[in-house]
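Step one of this worksheet: look at the structure below.
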Amino acid sequence: QVQLVESGGGLVQAGGSLRLSCAASGRSNSGYGMGWFRQAPGKAREFVATISASGRSTVYADSAKGRFTISRDNALNTVYLQINSLEPAYTAVYSCAARGGPSYRTSDSGYDYWGQGTQVTVSS
């Protein structure tokens, strides 16, 4: 069993940056593919980025390319999502997820464990 806790969200102005963190406990997540998803008010959850267990492979949603960077520190059992040049459209609850395997997945059905999420609100 893996427990995931996100942090780093908040209220920021457009153009700013945030780094979200996802800390895993219970079991080491070093062997797990990890992903970030977001859900805006009134919308379905959508894929943002994913990273393989080794950290060597990453995939981004088209909407995230260029401004989002996913990374991980397996020694700290933590995955990060750096978001630059924030826009109001990025306002959402951002959740991390872990899957019981080393590869990455872009679909939320490919994940076994989820955090509660952290709210990101971008003001114009």
Side-chain angles (χ1 to χ4, degrees):
Q1 192 77 5
V2 175
Q3 291 81 44
L4 304 173
V5 178
E6 301 93 337
S7 62
L11 173 63
V12 294
Q13 287 190 329
S17 298
L18 278 177
R19 188 176 78 157
L20 308 182
S21 299
C22 172
S25 61
R27 290 181 61 180
S28 170
N29 74 333
S30 61
Y32 290 74
M34 302 289 294
W36 283 97
F37 292 77
R38 66 185 179 185
Q39 187 166 19
K43 295 187 177 181
R45 182 164 58 193
E46 65 173 348
F47 165 73
V48 176
T50 181
I51 188 167
S52 62
S54 67
R56 287 193 291 266
S57 298
T58 58
V59 176
Y60 296 89
D62 287 343
S63 59
K65 291 177 181 177
R67 295 186 182 183
F68 291 68
T69 303
I70 189 171
S71 62
R72 66 190 299 161
D73 185 334
N74 286 341
L76 297 178
N77 288 333
T78 301
V79 175
Y80 305 97
L81 185 69
Q82 176 72 36
I83 313 173
N84 298 324
S85 301
L86 284 154
E87 300 178 357
Y90 294 171
T91 294
V93 174
Y94 285 73
S95 300
C96 69
R99 64 179 304 275
S103 60
Y104 57 76
R105 290 289 186 272
T106 60
S107 170
D108 57 4
S109 63
Y111 292 86
D112 304 295
Y113 308 101
W114 291 84
Q116 292 298 310
T118 184
Q119 176 71 47
V120 172
T121 303
V122 184
S123 63
S124 58

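In this text the structure is predicted, and so the values were computed from the model without any measurement.
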Looking only at atom types and distance, does a side-chain atom of Asn77 sit under 3.5 Å from a main-chain N or O of Ser25, one as donor and one as acceptor? no
Of all residues at least two apart in sequence or in a different chain, which pass the side chain to side chain contact (heavy atoms under 4.5 Å, CB included) check with Thr106? Phe47, Thr50, Val59
Just checking Gln116: does its CD atom have more than 12 heavy atoms from other residues, nucleotides or ligands closer to it than 6.0 angstrom? no
Minimum heavy-atom separation for Tyr111 and Gly33, please, with both atom names. CE2-O, 4.0 Å
Summary of side-chain hydrogen bond (donor to acceptor under 3.5 Å, both in side chains) pairs that have at least one residue in residues 4-18, sequence neighbours excluded: Ser17-Asn84
Which residues satisfy the side chain to side chain donor-acceptor pair (under 3.5 Å) test with Ser124, sequence neighbours excluded? none
Do other residues, nucleotides or ligands put more than 12 heavy atoms under 6.0 Å from Tyr80 OH? yes
According to a 4.5 Å side-chain heavy-atom criterion applied to Ile, Leu, Val, Met, Phe, Trp and Tyr, with indirect links allowed, do Tyr32 and Phe37 form part of one hydrophobic cluster? no
Distance in Å, Thr78 OG1 paired with Met34 CE, rounded so as to fall on 0.5 Å steps: 9.0 Å
Let me check something: any side-chain donor-acceptor pairs from residues 89-100 under 3.5 Å, sequence neighbours excluded? List them with distances.
unit_1 : atom_1 : unit_2 : atom_2 : d
Tyr90  : OH     : Arg67  : NH1    : 3.3
Thr91  : OG1    : Pro88  : O      : 3.0
Thr91  : OG1    : Val122 : N      : 2.9
Tyr94  : OH     : Arg38  : NH1    : 3.1
Tyr94  : OH     : Tyr90  : O      : 2.7
Arg99  : NE     : Gly110 : O      : 3.2
Arg99  : NH1    : Ser103 : O      : 3.3
Arg99  : NH1    : Ser103 : OG     : 3.1

In Å and rounded to the nearest 0.5 Å, what is the CH2 to CZ distance from Trp36 to Phe68? 11.0 Å
Ser52: partners by side chain to side chain donor-acceptor pair (under 3.5 Å), with sequence neighbours left out: Ser54
Nearest 0.5 Å, what's the CG-CG distance between Leu86 and Leu18? 5.0 Å
Interatomic spacing from CH2 in Trp114 to CG in Leu4 - rounded to 0.5 Å: 10.0 Å
Connected via hydrophobic side-chain network under 4.5 Å: Val2 and Ile51: yes
Any donor-acceptor pair under 3.5 Å from Tyr60 side chain to Ile70 backbone: yes
Run the side chain to side chain contact (heavy atoms under 4.5 Å, CB included) test against Lys43 and tell me which residues pass, sequence neighbours left out. Ala40
